**Student:** 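Attaching a single structure in structure tokens format; questions to follow.
Being a predicted model, the structure only gives us computed values, none of them experimental.
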Amino acid sequence: MQLYNTLTRKKEAFEPLNPPKVGIYMCGMTVQDRPHLGHMRAFLAGDVLRRYLEYKGYDVSYIQNFTDIDDKIIHRARRENVDWRQIAERNITEYLRAAEAMNFKPATFFPRATLHIQEIIETVQTLMDQGIAYPAGDSIYFDISKFPSYGKLSGKKLEDLLAGYRVEPAPGKRNPADFALWKGWKEGEPYWHSPFGKGRPGWHIECSVMSTHYLGQPFDIHGGGSDLIFPHHENEIAQAEAAHGKAFARYWFHVGFVKQAGEKMSKSTGLFTPITDLLQRYSSQAIRHYLLSTHYRTPIDFEMEHLDRSERAMERITNFLRKAPDPKNPVEEMVKSPELQDWLQKFEQAMDDDLNTPGGLAVIFEMVRQGNEALQAQRGDDAAALKAGMIFLMNVLGFRLEEKERTDLWVDDLLGLIVEVRQILRQEKRFDLADLIRDRLKALGVVLEDTPSGTLWTIKGSPSS
RNA sequence: GGCGGCGUAGCCAAGUGGACUAAGGCGGCGGAUUGCAAAUCCGCUAUUCCCCGGUUCGAAUCCGGGCGUCGCCUCCA
């Protein structure tokens, strides 16, 4: 499979270091605020990458961290006058709930920065011992002049960085672009003890440490939002490679932004749509479809109405799935059948090309059309086979399909009764009454469809699945 | 100022040198089906890919220039 690598700025054949094992580190949230659509897009891309690699037969270790100590969290806590840990817990909980609702496959591990302080200290110490890190005031900084390839990920040149610097450098820094590995304690802030005094980790070090802790160094894929390329990922590379004298991550996977009203969605500007709010109005499948119908590296300009479209697009799929007969054999068996191989191949062809999910979706929609055709032509077996293939591929893309709305038995019986009575009315050509029933049920969220083989009903609404 | 992304039908969006007479979705129009709907099927809906030059037998796709737009360079997925 071809994967775009930010480091080389081109698509490369993906070859894991130790097949069939693949290690992925997905940069998670700094939990200063609520998770929004932009986060979900990045983590969804990671989820699909992981699922697809598993589909290809790899054994994936998927690590997604929470950075639960940081300036912004402390500020937030101060503003709300609560313990900083509560801010972190609250947002982690909201994220985890949203991730489940979105049907993200849980990470192998969800490490937290605050549970890896000891190792962070050790790594900072290593950098000190090597003369790459130096103290200034109560803090420890990384000296970028000691790491010649600094800037290789983001394509920045040292001179440009110095020239373009817009913030007043902290006193004592040798170079304005040097960054903090360890931040000295200030009154009222959380701290840990270290050989360099009381303090807390700088922003980037936790990811260097946690990624290699779980995946070793080097490891296969490091991912995250594009806004992390600089300085976060650049600095991670510098720290890890300087400290251990070997390459850090092999493929860098960066996901495009979600914009809103033409501007980047961002916690710091407050311009963002919390995913939890969206999940109250839209099904997770629609959100998944919306996000996957654009290639992961292309920026998306979010508009609410686009989710309505995705909702309708998903109905096209679920309508077919609902009407097609169930496959006679388990899906895993069915997908081996010769008539499905072309579809699988087309799907893979798209996905192998840098995870082209819009192309993958197009294949599925082609299958829907053919499946409907089969249904219309009374070729039930063909429809069932296509249904099996679709279920299989939808699963690779992470769509949650199995979850039918469970209704109480008595609701089934009651609706059965109403449909039966209405059927009699239709036979007696009392269409005014039959239509009245249909209209009134629709207003209650129950949709009736008269088909040659009887009347189907579905309950709409409650977008909880 | 430096670096990077994007600009394809009414809208969303693939495709990045030849099977493109440009996927797929939403919407619209016409037809089939239906008691009417819904769902579904069939047909139509970009002689053209922001503009201008160039390279090539051949360009949406490569090169040069321009316009528009967004982002990174400061916390951010």
**Student:** Between B/G15, B/G71, B/C73, which nucleotide gets closest to the side-chain atoms of A/K156?
**Tutor:** B/C73
**Student:** Does A/L448 reach a base, just sugar-phosphate, or nothing at all? Heavy atoms under 4.0 Å.
**Tutor:**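 Base, at least one base heavy atom under 4.0 Å.
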**Student:** Specify the separation, in whole Å, of atom CZ of A/F257 and atom P of B/U69.
**Tutor:** 19 Å
**Student:** Which part of the nucleic acid, if any, lies within reach of A/T30 when heavy atoms closer than 4.0 Å are counted: base, sugar-phosphate only, or nothing?
**Tutor:** sugar-phosphate
**Student:** Please determine, for B/C75, whether a Watson-Crick or G-U wobble partner exists with both distances under 3.5 Å, and give it or none.
**Tutor:**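 Across any shown strand, B/C75 pairs with none.
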**Student:** Could you tell me whether A/S310 contacts a base, only the sugar-phosphate backbone, or nothing, with contacts defined as non-hydrogen atoms closer than 4.0 Å?
**Tutor:**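 A/S310: no heavy atom of the nucleic acid under 4.0 Å.
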**Student:** Please measure how far the P atom in B/C49 lies from the corresponding atom in B/C62, and state the result in whole Å.
**Tutor:**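 It comes out at 15 Å once rounded to the nearest Å.
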**Student:** Just call it for A/N319: base, sugar-phosphate, or nothing, with non-hydrogen atoms closer than 4.0 Å on any strand.
**Tutor:** sugar-phosphate
**Student:** Under 3.5 Å, is there a donor-acceptor pair between the A/R288 and A/Q285 side chains?
**Tutor:**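 A/R288 vs A/Q285: no donor-acceptor pair found between side chains.
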**Student:** Using the ring of A/Y290 (Phe, Tyr or Trp, six-membered ring only), decide whether A/R309 places NZ or CZ under 6.0 Å from its centre and within 45 degrees of its axis.
**Tutor:** no
**Student:** What about A/R369, does its side chain sit under 3.5 Å from the base of B/C41 through a donor-acceptor pair?
**Tutor:** no
**Student:** With heavy atoms under 4.0 Å as the rule, sort A/E303 into base, sugar-phosphate or nothing.
**Tutor:** nothing
**Student:** Of A/F248, A/Y251, A/F253, which is the lone residue that meets ring pair (Phe, Tyr, Trp, His ring centres under 6.0 Å) with A/H222?
**Tutor:**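 Running ring pair (Phe, Tyr, Trp, His ring centres under 6.0 Å) over A/F248, A/Y251, A/F253 with A/H222 returns exactly one hit, A/F248.
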**Student:** Does either side chain, that of A/E449 or that of A/T455, offer a donor lying less than 3.5 Å from an acceptor on the other one?
**Tutor:**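 Looking only at side-chain atoms, A/T455 and A/E449 do not form any donor-acceptor pair under 3.5 Å.
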**Student:** In whole Å, measure the gap between the P atoms of B/G65 and B/U21 for me.
**Tutor:** 30 Å
**Student:** Whole angstroms only, please: what is the NE2-C1' distance between A/H295 and B/G7?
**Tutor:**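 From A/H295 NE2 to B/G7 C1': 17 Å.
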**Student:** Just N and O in the side chain of A/N372: are any of them under 4.0 Å from OP1 or OP2 of B/C41?
**Tutor:**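 Answer yes for this pair, as a side-chain N or O of A/N372 is under 4.0 Å from OP1 or OP2.
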**Student:** Sticking with atom C1', work out how far B/C20 lies from B/U61, rounded to a whole angstrom.
**Tutor:**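 B/C20 and B/U61 have their C1' atoms separated by 11 Å.
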**Student:** For nucleotides B/A13 and B/U33, find the distance between their C1' atoms and express it as a whole number of Å.
**Tutor:** 31 Å
**Student:** Does a distance-only test, which skips hydrogens and angles, find a donor-acceptor pair under 3.5 Å between the side chain of A/D227 and the base of B/G71?
**Tutor:** no
**Student:** Let's test your reading of the model: under 3.5 Å, does the base of B/G27 pair with the side chain of A/R309 as donor and acceptor?
**Tutor:** no
**Student:** What is the distance, to the nearest angstrom, from the CZ atom on A/R430 to the P atom on B/G35?
**Tutor:**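 Nearest whole value for this atom pair: 19 Å.
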**Student:** Determine, using ring centers only, whether A/Y95 and A/F66 are less than 6.0 Å apart.
**Tutor:**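 Yes, the ring of A/F66 comes within the 6.0 Å limit of the ring of A/Y95, centre to centre.
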**Student:** For the base of B/C75, is there a side-chain donor-acceptor partner from A/D70 under 3.5 Å away?
**Tutor:**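 Counting by modelled atom types and ignoring angles, no donor-acceptor contact under 3.5 Å is found here.
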**Student:** If you look at every heavy atom in A/P190 and A/R200, which pair is closest and at what distance?
**Tutor:**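 Answer, listing the atom of A/P190 first, then A/R200: O-CD, 3.9 Å.
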**Student:** Going by purine N1 to pyrimidine N3 plus the second Watson-Crick contact, or the G-U wobble pair, all under 3.5 Å, which nucleotide sits opposite B/C62?
**Tutor:**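 By the stated definition (distances under 3.5 Å), B/G54 pairs with B/C62.
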**Student:** Relative to the 5' end of RNA chain B, which residue comes earlier, A/R422 or A/M314, by the nucleotide with the nearest heavy atom?
**Tutor:** A/M314
**Student:** Do A/N319 and A/R316 have side-chain N/O donor and acceptor atoms under 3.5 Å apart?
**Tutor:** no
**Student:** Roughly how many Å is it from CZ in A/R438 to C1' in B/A37, rounded to a whole number?
**Tutor:** 4 Å
**Student:** Look at all strands and tell whether A/G38 reaches a base, only sugar-phosphate, or nothing, counting heavy atoms closer than 4.0 Å.
**Tutor:** base
**Student:** If pairing requires Watson-Crick or G-U wobble contacts with both distances under 3.5 Å, which nucleotide is the partner of B/G30?
**Tutor:**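 Partner of B/G30: B/C42.
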**Student:** Classify the nucleic acid contact of A/E305 as base, sugar-phosphate or nothing, counting any heavy atom under 4.0 Å across all strands shown.
**Tutor:** nothing
**Student:** Looking at every strand, decide which applies to A/V258 at a 4.0 Å heavy-atom threshold: base, sugar-phosphate, or nothing.
**Tutor:**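 Base, at least one base heavy atom under 4.0 Å.
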**Student:** Could you check whether A/H233 and A/H254 have their ring centres less than 6.0 Å apart?
**Tutor:**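 Centroid distance A/H254-A/H233: below 6.0 Å, so yes.
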**Student:** Nearest of B/U40, B/C73, B/G24 to any side-chain atom of A/F230?
**Tutor:**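 That would be B/C73.
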**Student:** With rounding to the closest Å, how many angstrom separate the C1' atoms on B/C29 and B/G66?
**Tutor:**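 Approximately 39 Å lies between the C1' atom of B/C29 and that of B/G66.
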**Student:** Under 4.0 Å, counting only non-hydrogen atoms across every strand here, what does A/R426 touch: a base, just sugar-phosphate, or nothing?
**Tutor:** base
**Student:** If each of A/S226 and A/D450 is mapped to the nucleotide of RNA chain B with the nearest heavy atom, which maps nearer the 5' terminus, i.e. the 5' end?
**Tutor:**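 By nearest-heavy-atom nucleotide position, the 5'-most residue is A/D450.
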**Student:** Whole angstroms only, please: what is the CD1-P distance between A/I229 and B/G5?
**Tutor:** 10 Å
**Student:** Is the Lys NZ or Arg CZ of A/K10 less than 6.0 Å from the centre of A/Y4's six-membered ring, within 45° of the axis?
**Tutor:** no
**Student:** Expressed in angstrom and rounded to an integer, what is the separation of A/R312 atom CZ from B/A39 atom P?
**Tutor:** 11 Å
**Student:** Tell me whether the side-chain N/O atoms of A/K259 come closer than 4.0 Å to OP1 or OP2 in B/G5.
**Tutor:**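 No, no such contact exists.
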**Student:** Tell me whether the side-chain N/O atoms of A/S154 come closer than 4.0 Å to OP1 or OP2 in B/G2.
**Tutor:**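 Result: no.
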**Student:** If we require ring centres under 5.5 Å and near-parallel planes under 30°, does A/F431 stack on B/G35?
**Tutor:**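 Yes, aromatic ring over the base.
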**Student:** If you look at every strand shown and take non-hydrogen atoms under 4.0 Å, does A/P358 touch a base, only sugar-phosphate, or nothing?
**Tutor:**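 Contact class for A/P358: base.
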**Student:** Taking donor-acceptor contacts at under 3.5 Å, does the side chain of A/K72 reach the base of B/C75?
**Tutor:** yes
**Student:** Does B/G4 pair with anything, Watson-Crick or G-U wobble, both distances under 3.5 Å, and if so, with which nucleotide?
**Tutor:** B/C70
**Student:** P atom, B/G43 versus B/A22: distance in rounded Å?
**Tutor:** 15 Å
**Student:** Rounded to whole angstroms, how far apart are CD1 on A/I459 and P on B/A38?
**Tutor:**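 My rounded result for the distance is 21 Å.
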**Student:** Under 4.0 Å between any heavy atoms, over every strand shown, what does A/E373 touch: base, sugar-phosphate, or nothing? Just pick one.
**Tutor:** sugar-phosphate
**Student:** Measure from CE on A/M265 to P on B/G71 and round the result to the nearest Å.
**Tutor:**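 That distance rounds to 13 Å.
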**Student:** Please report the distance separating the P of B/C42 from the corresponding atom of B/G58, rounded so that it comes out in whole Å.
**Tutor:** 38 Å
**Student:** Roughly how far apart, to the nearest Å, are B/C51 and B/A59 at atom P?
**Tutor:** 15 Å
**Student:** Searching all strands shown, indicate the nucleotide that pairs with B/C49 (Watson-Crick or G-U wobble; both distances under 3.5 Å).
**Tutor:**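 In the structure as shown, B/C49 has no Watson-Crick or wobble partner.
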**Student:** At under 4.0 Å between heavy atoms, what does A/G256 touch on the DNA or RNA strands: base, sugar-phosphate, or nothing?
**Tutor:**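 Since a base atom lies under 4.0 Å of A/G256, the category is base.
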**Student:** Just name whichever nucleotide pairs with B/C20, Watson-Crick or G-U, keeping both distances under 3.5 Å, else none.
**Tutor:** none
